[in-house]
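What follows is a set of notes on a single structure, which appears directly below.
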Amino acid sequence: MYIYSLIIDNVSRNCYNRVSVKGGAVVQSLIQITDITLCFFIKNIKTMEVLVMKYSERVLEELKKNNPYQPEFIQAATEVLESLSPVVDTDPRYEKAGLLERLVEPERTIMFRIPWVDDNGEVHVNRGYRVQFNSAIGPYKGGLRLHPSVNLSIIKFLGFEQIFKNSLTGLPIGGAKGGSDFDPKGKSDMEIMRFCQAFMNELYKYVGADEDVPAGDIGTGAREVGYLYGQYKKLTNRSEGVLTGKGLSFGGSLARTEATGYGLVYITEELLKDHGKNIQDARIAVSGSGNVAIYAIEKAEQLGAKVISCSDSSGYIIDENGIDVDAVKQIKEVERKRIKEYLNYHPDATYGEGSVWDNVICDVALPCATQNEINKVEAQRLADSGCYAVCEGANMPTNAEATEVFLDRDILFLPGKASNAGGVATSALEMGQNSIRSSWTFDEVDAKLKGIMINIYYHMKEACEQFDAKDNFVAGANIAGFMKVADAMMAQGIV
Ligand code: NDP
């Protein structure tokens with residue numbers, strides 16, 4: 001028994017280590033022989049396991065081994081690789097070309113320090129990131145997130161998702177994401193400016209109108225994009241469309257501010273229409289009160305829906321009379337205050353602390369705040385209380401278990417990479433306008449945006465039907481986004 005436990009202990013520590021046990025020679029050689037036999041056995045079981053795994057499963061296993069401290073990235077990659085299985089595991093060309101291994105590894109990961117000085121003359125150092133994930137179909141494109149939670153895992157998850165989202169738009173843009181763990185909350189305007197300048201002092205080496213075109217994201221709005229652009233121009237002496245989400249006076253596109261929220265509502269409207277429902281009859285719950293949330297509320301209300309909630313990281317508002325979007329704009333875009341201030345405008349509304357998803361009752365949910373904001377219990381609660389559609393405005397706001405609940409309960413579910421693609425699509429339209437040194441009217445851009453969102457919906461639906469996954473838009477979005485990128489990667493050789 002003692003010998004056996006020593007062997008097991010030794011084997012589990014490391015199959016290939018030599019045994020080192022104090023005691024007689026007979027015992028020692030016995031352990032060695034048994035150890036080698038066990039090692040051989042275990043090694044072969046492992047080899048057999050690997051051999052029976054599918055290509056996509058093997059790549060996922062390797063990815064988990066190589067990125068052990070990146071849960072958000074693994075979560076995103078797992079969802080994508082699992083849904084690509086019917087495509088990549090039935091066509092050996094992909095494995096031969098190492099396509100998935102290349103797809104899950106960023107082309108380039110840049111990390112750097114951002115030293116800046118606050119209003120009191122104190123020096124701070126934040127960490128900056130730019131993950132240039134995939135340029136197969138066009139220059140890298142994706143936002144810059146400024147939030148204390150930013151780390152490499154989050155930027156990689158966002159950059160990876162961006163590849164498929166950008167491909168779904170039908171426009172020629174590759175996938176990237178960047179940001180910093182800098183917290184813009186409570187900083188003065190001058191501190192924001194000095195931080196943005198310090199960020200660009202390093203970032204400018206890696207971006208350019210035909211190379212990599214960053215944009216806004218959480219914590220990076222028009223003000224920050226303006227400061228970043230100003231510093232890029234100062235450093236390079238070039239006036240080019242290196243960033244999108246710019247101010248209208250220096251190359252910005254009309255309707256870019258509204259695009260993600262409006263696009264989300266356009267695709268939701270099409271989804272409902274295609275399933276015999278009408279957005280005008282819907283009671284809609286929104287989370288967040290930032291850029292995406294505000295313009296989703298605005299467009300949904302313009303189309304006649306009743307939006308009854310919004311939130312921030314402190315709490316949520318429920319207003320049964322319908323959210324007053326002008327009040328939210330005033331609180332968030334002008335005064336930059338907490339959402340609780342809404343009660344000063346509408347004392348009849350209710351404010352609660354915690355997550356809106358623990359409390360709201362709705363037909364349609366539009367989560368527009370941040371990743372993993374809806375968990376399994378909240379998903380079950382939404383399904384039990386009659387919610388029939390969930391369309392993601394934020395990136396991955398529904399965690400993996402919650403997504404499963406929605407799919408199992410036949411709730412219409414649109415993943416963010418499809419439903420929030422209106423922002424990046426309009427960014428690509430801004431790039432186009434910058435290239436031809438011209439600008440389009442609001443209505444022209446808005447009409448193009450609507451057309452793109454409707455195309456995304458039917459493109460996804462087609463992929464669902466082709467791969468026998470009716471109404472599984474998670475699979476549909478991943479497959480439809482993947483096909484174009486995969487074709488380009490196959491055509492361009494092993495690079
Ligand atoms: P904003 O910074 O404008 O707004 C984010 C909102 O979410 C704020 O109301 C914020 O509250 C809230 N929030 C942030 N973290 C949490 C949290 N942990 N719990 C609850 N609420 C939280 O960002 P955007 O509106 O631009 O982006 C929202 C989401 O949409 C992100 O996932 C982003 O990646 C995605 N997205 C954005 C696009 C765009 O064009 N802007 C394009 C595509 C996707 P508080 O103010 O308290 O932090």
Side-chain angles (χ1 to χ4, degrees), residues 72 76 141-150 154-155 157-159 161-162 164-166 168-169 175 177-179 183-186 214-225 243-245 252-253 255-264 267 286-298 309-317 328-329 331-333 335-342 352-358 366-375 378 391-399 415-430 449 453:
E72 292 85 1
K141 181 97 196 81
L144 296 173
R145 177 173 292 192
L146 301 182
H147 195 271
S149 65
V150 162
I154 289 187
I155 298 298
F157 122 62
L158 291 164
E161 291 278 292
Q162 199 80 43
F164 307 95
K165 180 190 305 192
N166 292 2
L168 275 172
T169 66
K177 199 81 187 188
D183 186 358
K185 277 202 200 94
D217 191 67
I218 291 180
T220 309
R223 173 180 60 167
E224 291 74 16
V225 169
L243 284 147
T244 56
S253 174
R256 173 60 188 93
T257 306
E258 294 83 357
T260 309
Y262 278 23
L264 169 66
I267 199 169
V286 168
S287 64
S289 50
N291 173 266
V292 181
I294 286 175
Y295 292 97
I297 297 170
E298 182 169 279
S309 71
C310 63
S311 67
D312 64 17
S313 54
S314 312
Y316 61 90
I317 292 287
V328 180
K329 281 185 186 174
I331 296 163
K332 288 293 175 180
E333 292 185 335
E335 296 167 13
R336 297 181 192 270
K337 288 190 173 157
R338 309 311 297 156
I339 198 63
K340 194 175 182 181
E341 299 283 322
Y342 187 90
E353 279 173 6
S355 169
V356 66
W357 304 119
D358 290 328
L366 303 180
C368 297
T370 192
Q371 67 271 357
N372 292 329
E373 56 172 295
I374 302 185
N375 61 30
E378 290 160 341
C391 305
E392 296 185 327
N395 284 313
M396 208 168 72
T398 314
N399 79 13
K417 65 171 73 72
S419 46
N420 71 27
V424 74
T426 308
S427 280
L429 299 179
E430 181 174 330
L449 166 68
M453 297 313 294

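Counting from 1, the numbers follow the sequence of the chain as shown. In each ligand, atom 1 is the first atom listed, and ligand 1 is the first ligand listed.
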Identify, for [atom], the protein heavy atom at the shortest distance, and state residue, atom and that distance.
atom                    : result
atom 48 (O) of ligand 1 : K185 NZ, 3.1 Å
atom 6 (C) of ligand 1  : G290 N, 4.0 Å
atom 37 (C) of ligand 1 : V292 CG2, 3.4 Å
atom 3 (O) of ligand 1  : N291 N, 3.0 Å
atom 2 (O) of ligand 1  : G219 N, 3.2 Å
atom 5 (C) of ligand 1  : A369 O, 4.1 Å
atom 18 (N) of ligand 1 : T370 CG2, 3.6 Å
atom 9 (O) of ligand 1  : S289 N, 2.9 Å

Checklist line | Nearest option to atom 27 (O) of ligand 1, as decided by whichever heavy atom of D217, I218, L146, I154 sits closest | finding: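 Considering heavy atoms of D217, I218, L146, I154, the nearest to atom 27 (O) of ligand 1 sits in I218.
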
Next item on the list: Pick, from S313, G416, G179, the option with the minimum heavy-atom distance to atom 20 (C) of ligand 1.
Entry: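 Selected option, by shortest heavy-atom distance: S313.
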
Next item on the list: Would you mind listing which atoms of ligand 1 come within a distance below 4.0 Å of any non-hydrogen atom of A394?
Entry: 29 (C), 30 (O), 32 (O), 35 (C)

Item checked: Under 4.0 Å to a heavy atom of R338 - the qualifying atoms of ligand 1, by number -> 45 (P), 46 (O), 47 (O)

Before signing off on this row, confirm whether [X] and ligand 1 have an N or O atom pair separated by under 3.5 Å.
X    : answer
T260 : yes
R256 : yes
R145 : yes
N395 : yes
K165 : no
K177 : no

Margin query: Can you confirm whether K329 is buried at NZ, in the sense that more than 12 heavy atoms of other residues, nucleotides or ligands lie under 6.0 Å from that atom?
Written below: yes

Next item on the list: Determine whether the side chains of S355 and E373 contain a donor N or O and an acceptor N or O closer than 3.5 Å.
Entry: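 E373 and S355 do not have a side-chain donor-acceptor pair below 3.5 Å.
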
Checklist line | Under 3.5 Å side-chain donor-acceptor pair for S289 and R338 | finding: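 No pair is found: no donor N or O on one side chain lies under 3.5 Å from an acceptor on the other.
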
Note to self: Test your reading of the model: is there a side-chain donor-acceptor pair from S287 to the backbone of C368, 3.5 Å cut-off?
What the structure shows: yes

Next item on the list: List the steps and the verdict of salt bridge (Lys or Arg N to Asp or Glu O under 4.0 Å) for K417 and E392.
Entry: CA-CA 8 Å; K417 65 171 73 72; E392 296 185 327; over 6 Å; no

Side chains of [X] and [Y]: does their closest heavy-atom pair fall under 4.5 Å?
X    : Y    : value
K165 : N420 : yes
C310 : I297 : yes
K141 : S427 : yes
E333 : V328 : no
T426 : Y262 : no
V225 : T220 : yes
E353 : Y316 : no
N372 : N399 : yes

Contact partition for [X] relative to ligand 1, non-hydrogen atoms under 4.0 Å:
X    : answer
S287 : neither
K337 : neither
E373 : neither
S311 : backbone

